[in-house]
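To keep things clear, I will list the structure first and then write my remarks on it.
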Amino acid sequence: MESKTEVEVELEEIATAEDDKEKEEKPETKEEDIDEGNVYYTLTDPSENVYGVASSTRSYTVNKDAPLDIYRKLRQYRIISLVLFVICVLLLILVLALLIKMFRTQPCQLVDETRGSSAEQECSWKKCQEVYQQSFGGTQRLCIECAKGWLRFENTCYFLSQNRLTWQQSREECQRKGGDLAVITNERVQMYLNKKGNLNYWIGLNHAGTNEWTWINNTVLTVRYWKDDSSPGDCAILAANEPAERSWHPSQCALHLQYICQKM
């Protein structure tokens, strides 16, 4: 049996051998590589540098379609803006056209003789001179503006009354207004007055003291729209509630009826 001393010697030898082996495996750190003032030193194992290599787990997503989407939206905004601009321009043109129509000179009423219906044309001084070759006092008659309550047709103003007077009183009232009882010399005027009225009206036609019907301005009676001219009476009325082709009737001049004034 080995003695206690021999055992201790063997243990010391084993411990010394193990220390030598560890020194061989672990490289010594040189003093010049250690800077007491620098807490950082050269790593012995590159795997210890956690900042040297980018982590493979990190990923960055870049949307390559983002610039294209922005361009598309910008293009849509431009198209919408252009459409709104065009709409605004059209509305402005429409408003200007309506304003011009409201404030321009009122249209002259002309007549389509082939159909017997009235048509409207722009009323201007030049147009009136071309269409209505009438003279007064040596000067060319121009378009006239009718007073309130009067109707204009072919450069003449007409007034259809609501009050009733005798034929003579009606004429005097028309003269007080600056005109006289209406004189109908063509089919256009007959159609117009017959259409505008709805009652029986005195007109400027009579044969008082004579056997012939004559107008108050001594115009020859060239067109006739009698329904029956054999009835008693010396003054003529226009029955607007009857067909225009035969709406004249003789009547007693003392009757109180509405009347039609004319002013040129």
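Keep in mind that the numbers below use all heavy atoms, side chains included, and drop hydrogens, waters and symmetry copies.
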Step by step, work out the side-chain contact (heavy atoms from CB on, under 4.5 Å) result for Asn186 and Val189.
CA-CA 6 Å; Asn186 58 63; Val189 176; 3.3 Å; yes
Specify the closest pair of heavy atoms between Thr219 and Asn217, including all atoms of both residues, with the distance to one decimal.
OG1-OD1, 2.6 Å
Side-chain touch Asn155/Met264, heavy atoms, less than 4.5 angstrom:
no
Of all heavy-atom pairs linking Trp167 and Leu205, the shortest is NE1-O, 4.0 Å
Least distance between heavy atoms, Phe159 atom then Lys177 atom:
CE2-CE, 3.8 Å
Tell me whether Leu98 shares a hydrophobic cluster with Leu90, the cluster being built from Ile, Leu, Val, Met, Phe, Trp, Tyr side chains joined at under 4.5 Å.
no
Hey, any chance Val223 and Ile216 share a hydrophobic cluster, counting ILVMFWY side chains that come within less than 4.5 Å of each other, even indirectly?
yes
Any sub-3.5 Å donor-acceptor pair from Gln258's side-chain atoms to Gln162's backbone N or O?
yes
So which atom in Asn200 and which in Leu257 form the shortest heavy-atom distance, rounded to 0.1 Å?
O-CB, 4.0 Å
Mind checking whether Trp215 and Leu221 have side chains closer than 4.5 Å, heavy atoms only?
yes
So does Leu165 get a backbone contact from the side chain of Trp202, meaning a donor-acceptor N/O pair under 3.5 Å?
yes
Test item: Ser161 side-chain N/O and Tyr259 main-chain N/O as donor-acceptor pair under 3.5 Å
yes
Would Gln168 and Glu172 count as a side-chain contact (heavy atoms from CB on, under 4.5 Å) if you check the C-alpha gap in whole Å, the side-chain angles of each, and the deciding distance to 0.1 Å?
CA-CA 6 Å; Gln168 184 61 34; Glu172 293 173 357; 3.5 Å; yes
Do Pro250 and Trp213 come close enough that some side-chain heavy atom pair is under 4.5 Å?
yes
If you define the side chain from C-beta out and look only at heavy atoms, does anything of Leu160 sit under 4.5 Å from Ile260?
yes
Is the shortest side-chain heavy-atom distance between Pro232 and Gln252 below 4.5 Å?
yes
Check His207 against Glu212 and note the closest heavy-atom contact, atom names and distance.
CB-O, 3.0 Å
Quick check on the hydrophobic clustering: are Ile93 and Phe85 connected, directly or via other members, by side-chain heavy-atom contacts under 4.5 Å?
yes
Apply side-chain contact (heavy atoms from CB on, under 4.5 Å) to Gln190 and Leu238, showing your working.
CA-CA 9 Å; Gln190 169 68 13; Leu238 183 150; 3.6 Å; yes
Test item: Arg246 and Tyr225 side chains (from C-beta on) under 4.5 Å apart, heavy atoms:
no
Between Leu193 and Tyr201, is the side-chain contact (heavy atoms from CB on, under 4.5 Å) condition met? List the steps.
CA-CA 10 Å; Leu193 295 178; Tyr201 301 92; over 6 Å; no
So which heavy atom on Thr185 is nearest to which on Thr222, and how close?
O-OG1, 4.2 Å
Is a side-chain N or O of Asn194 found less than 3.5 angstrom from the main chain of Pro243, in a donor-acceptor match?
no
